[in-house]
S.K.: 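Mind looking over this structure? Questions follow.
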Amino acid sequence: MLTFNNDIMGLQPSRSMAFMAKAKQMQATDPSVINLAGGEPDFDTPKKICDELFRQINSGYTHYTVGAGLPELRKRIAEKLADENGCNYSPDGVIVTPGGKFAIYLAVRTLVNPGDEVMYLEPAWVSYPSIIEASAAKPVPVRLSLEQNYKVTLEQLEKFVTDKTKILIINYPNNPTGKTLSKEEADALEQFMLRHPGVALIADEIYERIIFKGYSNISMASYPSIADRVITVNGFSKSVAMTGWRIGYLATTPEIKNAMYKLFQHTITCVSGFVQKAAVVALDCAEEIEAMRQSYEHRRDLFVGGLNAIDGVECNYPEGAFYAWVKFDIPGLDSEGVCDYILKEAKVVGVPGIAYGTDDSCVRFSFASSEEDLKQAVERIGAVMAKVKR
Ligand SMILES: Cc1ncc(COP(=O)(O)O)c(C=O)c1O
């Protein structure tokens, strides 16, 4: 009889993907269902990026490429990280990966040995614990509290570090809370890293181009004191609406990159050359990116403003990304119960907070949806909440 790898068999299915699948299934039979469970832009990829892809394919650029990414793309990525994020990475420290998700896996898998510990901030994107487990390491969630608006402090980080800790993963702007990193929090992270010289920091900045008025992004690799241990992960999925293209990247020191490249060359070989060529064009889409950002900001105001006017519903205005992290006061219901209730009564699909490791009676809704759907969703949730006896 065949047996399977225990680490892989122990992985939980992605709860957010499960809800997305459930929503699609429901929509097939009932088109009035509003799906706010997704995690992707509702825009098409800008035309000039698509044009470049077709141009490359039509000119026969369809073969393997060599190395960790096309030299011109790695150079542009290093320049972007310097110009926009204040990070000093060499192009030789950049790896172009099939999505940011694989970049995180590549980094974790290369840095840990069985039994090592990887800390990550919770609420957390659903894939971190599974990526850590798939690498035979132990996930260590650092629980942040809703009451303190999920503030990261040195004190909280210190509670979870041990002599087995190898990595800390952070994600700002955050999925699911929409928080950005404040200067005070970034300073606390620097202090933590200085106290633990054997720890690497993975900074997942995949939503870094979607930040709203009054806030800005702080890249931890811009702190020179710890930069050589900061692996910055980013990509094109969210910023330029390229989720299906499967392209992202990480940046680190050439030495750490060389270790990761050992695994990369025996698994991925390369990201499609024509996709990489199109990604070079995607790095020159400031106007398109800004137009999308403004649209998300407008929809955030509309959706979150509407929700906050409902009795029993509370939501801080997200500072970045395109998710609203909404707290419901419905007695006796946890986040999964709330989600099922809202789905059944309002026909609006969200993802329960528990999928992100922490309940807090919160549900994550994506506002990368049409204004029409967002208005409808607010109206229906309002009607359902009016019936709830609190
Ligand atoms: C926090 C976070 N990191 C990374 C990713 C991975 O994105 P991709 O693999 O499409 O680049 C996602 C996608 O949902 C995400 O939400």
Side-chain angles (χ1 to χ4, degrees), residues 13-21 36-43 45 49 69 73 77 94-109 118 120-132 134 139 141 144 150 167-181 201-211 217 219-220 231-251 264 267-268 271-272 275-276 278-279 282-283 289 296 318-325 350-351 353 355-358 364-368:
S14 161
R15 270 169 140 145
S16 59
M17 279 190 187
F19 264 80
M20 261 146 61
L36 305 183
E40 64 175 332
D42 60 339
F43 292 103
T45 305
I49 303 174
L73 178 57
I77 289 169
V94 173
I95 306 184
V96 179
T97 56
K101 189 183 268 187
F102 190 80
I104 297 164
Y105 175 68
L106 188 63
V108 172
R109 182 71 181 83
V118 180
Y120 60 96
L121 308 180
E122 201 175 72
W125 180 48
V126 293
S127 290
Y128 298 140
S130 296
I131 285 172
I132 297 163
L144 304 178
Y150 303 113
I167 306 174
L168 167 64
I169 305 178
I170 61 167
N171 164 225
Y172 292 97
N174 186 263
N175 173 9
T177 65
K179 284 257 302 163
T180 54
L181 196 59
L201 181 70
I202 296 178
D204 176 354
E205 301 188 357
I206 199 92
Y207 295 97
E208 161 257 344
R209 296 302 300 270
I210 307 170
I211 292 201
N217 180 62
S219 293
M220 289 310 299
I231 298 152
T232 300
V233 172
N234 205 330
F236 301 86
S237 288
K238 318 289 178 173
S239 57
V240 215
M242 290 175 68
T243 46
W245 293 61
R246 307 315 299 133
I247 181 163
Y249 57 86
L250 63 77
F264 182 92
T267 49
I268 297 304
V271 170
S272 311
V275 170
Q276 292 194 65
L283 285 164
I289 290 172
Y296 294 132
E319 300 162 10
F322 41 64
Y323 306 110
W325 182 242
V351 184
Y356 307 94
T358 174
R364 191 200 77 171
F365 294 114
S366 163
F367 51 85

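In each ligand, atom 1 is the first atom listed, and ligand 1 is the first ligand listed.
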S.K.: Of all residues at least two apart in sequence or in a different chain, which pass the salt bridge (Lys or Arg N to Asp or Glu O under 4.0 Å) check with Glu205?
M.R.: none

S.K.: With sequence neighbours left out, what residues match Lys179 under salt bridge (Lys or Arg N to Asp or Glu O under 4.0 Å)?
M.R.: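 If we apply the salt bridge (Lys or Arg N to Asp or Glu O under 4.0 Å) test to Lys179, skipping adjacent residues, the hits are Glu185.
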
S.K.: Arg109: which residues meet the salt bridge (Lys or Arg N to Asp or Glu O under 4.0 Å) condition with it, sequence neighbours left out?
M.R.: none

S.K.: Give me the ring orientation class for Tyr128 and Trp125: parallel if the planes are under 30° apart, tilted from 30 to 60°, perpendicular past 60°.
M.R.: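 Rings of Tyr128 and Trp125: perpendicular, over 60°.
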
S.K.: Do side-chain atoms of Thr45 reach the backbone of Ala241 as a donor and acceptor pair under 3.5 angstrom?
M.R.: yes

S.K.: Between Arg364 and Gly353, is there a donor-acceptor pair closer than 3.5 Å when you use the side chain of the first and the backbone of the second?
M.R.: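 No, because the side chain of Arg364 does not come within donor-acceptor range (under 3.5 Å) of the backbone of Gly353.
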
S.K.: Under a 4.0 Å heavy-atom cut-off, which residues neighbour ligand 1?
M.R.: Gly99, Gly100, Lys101, Trp125, Tyr128, Asn171, Asn175, Asp204, Ile206, Tyr207, Ser237, Lys238, Arg246

